[in-house]
Number of protein chains: 2
Amino acid sequence: MSNNVTFTEKLRSSGLRPTKQRIEICKLLFNRANTFHFTINDLNKLLNKTSEKKISLATIYNTVHAFKKKGYLKEISINSERSYFDTNVTNHHHFFDESNNELIDLDNKYVEKITISKSLPGKKIKSVEVLVKVANNN
Amino acid sequence: MSNNVTFTEKLRSSGLRPTKQRIEICKLLFNRANTFHFTINDLNKLLNKTSEKKISLATIYNTVHAFKKKGYLKEISINSERSYFDTNVTNHHHFFDESNNELIDLDNKYVEKITISKSLPGKKIKSVEVLVKVANNN
DNA sequence: AATTTAACTTATAATGATTCTAAACTAGTG
DNA sequence: CACTAGTTTAGAATCATTATAAGTTAAATT
């Protein structure tokens, strides 16, 4: 996803109407050099700064959940206070910086293959993800 | 923690008054062969079955948070819908069974040493934990 | 291009989990 | 036994999220 036309097509092709609210949100989330981690609250504040007309909170919730359902966003649960969304939807790992509540991607290439010598009968593995909690040194 | 007398001593020694509500909750949580994973809601239901007099929800919240603060419980965030607590307070890993929302300990001995070849300047690692999501085979 | 309709947005109400409050109660101390 | 500080409690308050239902809009149909 990179420009408005592409957003329009992308949305339409996945069965979501390309409304101006959704395009606005796409621009904010996907016109970035790096992956982006955010909470609903972050997104709401950003949209209030960026966009002309206020997008209602309900629409923000609806859109984020629609995008998650379509696989454009991934939800990450680090702690009970807030839920994070991630524009990087691949299976990957995270640092969570407890000093400032920041979530940072940890690419698979930095984590050596994880070998688990236990399995649960009748269950198959859907994902294996590592969470590294960090804090300031001092 | 194993019997009432021990609970009384344990609570007192960590600066918590051994009230009958706290002892009741201790019995339920720590008189077990295995580690126990629960939500506040689970605990509330269990207490309603087990104990004579109803323990108020506020007290359950207070107690669980007091125990967490004292290091008798650990909080685990798997998804945004619910927060789990674990009587196993060591650094360890988990399976999360998406078919029935069950959290299962994955002992360190079953996970090969995790090597991470990236660090964040000025930050130190507090914990490294793996979450393996599983679901029914069929 | 106008009409229609199903999808979407919105403000607001409802919900549910958690925290707060302030009054009543209780463990431990003198 | 009386005192005090910690604890419990019911209910109110709060916060994030979801539901509702009325108005709006995209896009299919005519």
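Chain A is the first sequence line, chain B the second, and so forth, proteins listed ahead of strands; every chain is numbered from 1.
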- Closest heavy-atom contact between B:Phe85 and B:Lys68?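 Looks like CE2-CD, 4.3 Å.
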- For A:Asp105 and A:Phe95, work out which heavy atoms get closest and say how close.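 Where A:Asp105 meets A:Phe95 most closely, the heavy atoms are O-CD1, 4.3 Å.
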Rounded interatomic separation in angstrom, taking [atom1] from [X] and [atom2] from [N]:
X: B:Asn44; N: C:dG16; atom1: CG; atom2: P; result: 15 Å
X: B:Glu24; N: C:dT26; atom1: CD; atom2: C1'; result: 17 Å
X: B:Ile40; N: C:dG16; atom1: CD1; atom2: P; result: 18 Å
X: A:Asn48; N: C:dT10; atom1: CG; atom2: P; result: 12 Å
X: B:Glu9; N: C:dG28; atom1: CD; atom2: C1'; result: 16 Å
X: A:Ile60; N: D:dT18; atom1: CD1; atom2: P; result: 13 Å
X: B:Leu57; N: D:dA10; atom1: CG; atom2: P; result: 10 Å
X: B:Ile23; N: D:dG6; atom1: CD1; atom2: P; result: 19 Å

- Item | Side-chain (B:Thr115) to main-chain (A:Glu112) donor-acceptor, under 3.5 angstrom |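 Pair absent, no side-chain N/O of B:Thr115 close to backbone of A:Glu112.
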- Query: With distance as the sole test, does B:Asp42 use its side chain to make a donor-acceptor pair with the main-chain N or O of B:Thr39 at under 3.5 Å?
  - Reply: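 Indeed, once roles are kept as given, a pair shorter than 3.5 Å links the two residues.
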OP1 or OP2 of [N] sitting under 4.0 Å from any side-chain N/O of [X]?
X: B:Tyr61; N: C:dT19; answer: no
X: B:His65; N: C:dT18; answer: no
X: B:Ser56; N: D:dT9; answer: yes
X: B:Gln21; N: C:dT26; answer: no

- Query: How do B:Asn41 and A:Asn62 order along DNA chain C: which one's closest nucleotide is nearer the 5' end?
  - Reply: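 By nearest-heavy-atom nucleotide position, the 5'-most residue is A:Asn62.
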Check: residues 126-134 of chain B side-chain donor-acceptor pairs under 3.5 Å, at least two apart:
residue, atom, partner, partner atom, Å
B:Glu129, OE2, B:Lys74, NZ, 2.7

Below 3.5 Å, can you tabulate the donor-acceptor pairs from side chains in residues 116-124 of chain B to any protein atom, sequence neighbours excluded?
residue, atom, partner, partner atom, Å
B:Ser117, OG, A:Tyr110, O, 3.4
B:Lys123, NZ, A:Asp97, OD2, 2.5
B:Lys123, NZ, A:Asn136, OD1, 2.5
B:Lys124, NZ, A:Asn136, O, 3.3
B:Lys124, NZ, A:Asn137, O, 2.8

- Flag for A:Asn108-A:His92: side-chain donor and acceptor within less than 3.5 Å: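 Not at all, the side chains of A:His92 and A:Asn108 share no donor-acceptor pair under 3.5 Å.
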- Heavy-atom contacts, protein to nucleotides 20-30 of chain D, under 4.0 Å, summarised as B (base), S (sugar-phosphate only) or - (none) per nt, yield ------BS---
